[in-house]
Engineer: 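I have a structure I would like to understand better, so I am pasting it below and will then ask my questions one at a time.
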Amino acid sequence: MTYAEALKWSEYMKKRGTLNLGMRLESGLAHLQAMVINRTGGYKGGGAANPRDFMPHADKQVEQTAMTLAQAMELFK
């Protein structure tokens, strides 16, 4: 595989996700489960289901917090 081909595959994977068939199947089923739960009223305590709730093998999402411009400037000093 040439470097140019590797870059193309890297871009594809960033856009479409992993090439692992098992992970793709898990992702599809998780989206289906979340859709069904949200359609039937969500969780009992309230709130909507997230597909990542049903993906035990996926990396956990890091919650991003918003920062002001001043905070960013201070961070990069």
Side-chain angles (χ1 to χ4, degrees):
M1 176 183 297
T2 66
Y3 182 69
E5 289 173 329
L7 289 176
K8 286 181 183 178
W9 276 111
S10 176
E11 284 299 315
Y12 176 85
M13 289 174 59
K14 284 180 188 174
K15 184 176 181 180
R16 303 286 182 198
T18 180
L19 300 175
N20 182 329
L21 182 60
M23 293 294 286
R24 293 182 71 89
L25 181 64
E26 182 178 275
S27 174
L29 291 174
H31 280 85
L32 181 64
Q33 288 172 315
M35 182 178 63
V36 168
I37 285 181
N38 290 333
R39 184 72 177 142
T40 58
Y43 290 125
K44 287 185 180 185
N50 186 339
R52 288 214 174 251
D53 297 342
F54 305 102
M55 296 173 64
H57 299 101
D59 294 334
K60 299 299 176 196
Q61 261 183 328
V62 177
E63 191 171 314
Q64 295 180 352
T65 59
M67 69 172 63
T68 65
L69 179 59
Q71 291 171 331
M73 295 288 285
E74 189 65 33
L75 181 66
F76 291 109
K77 274 189 176 181

Engineer: Quick check for you: to the nearest 0.5 Å, what is the distance between S27 atom OG and R52 atom CZ?
Structural biologist: 8.0 Å
Engineer: Does CG belonging to L21 count more than 12 external heavy atoms closer than 6.0 Å?
Structural biologist: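 No - once you tally the heavy atoms of other residues, nucleotides and ligands closer than 6.0 Å, there are 12 at most.
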Engineer: Search all heavy atoms of F54 against all heavy atoms of E26 and return the closest pair with its distance.
Structural biologist: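 Shortest heavy-atom contact: O-CG, 4.5 Å.
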Engineer: As an exercise, state the distance from OG1 of T68 to CD of E74, rounded to the nearest 0.5 Å.
Structural biologist: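 If we round to the nearest 0.5 Å, T68:OG1 and E74:CD are 10.0 Å apart.
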Engineer: What closest approach, in Å, do A49 and I37 show between heavy atoms, and which atom pair accounts for it?
Structural biologist: CB-CG2, 3.8 Å
Engineer: Hey, what do you get for CE (M55) to NE2 (H31), rounding to the nearest 0.5 Å?
Structural biologist: 7.0 Å
Engineer: What is the minimum heavy-atom distance between P51 and A30, and which atoms define it?
Structural biologist: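 So the minimum-distance heavy-atom pair works out to O-CB, 3.3 Å.
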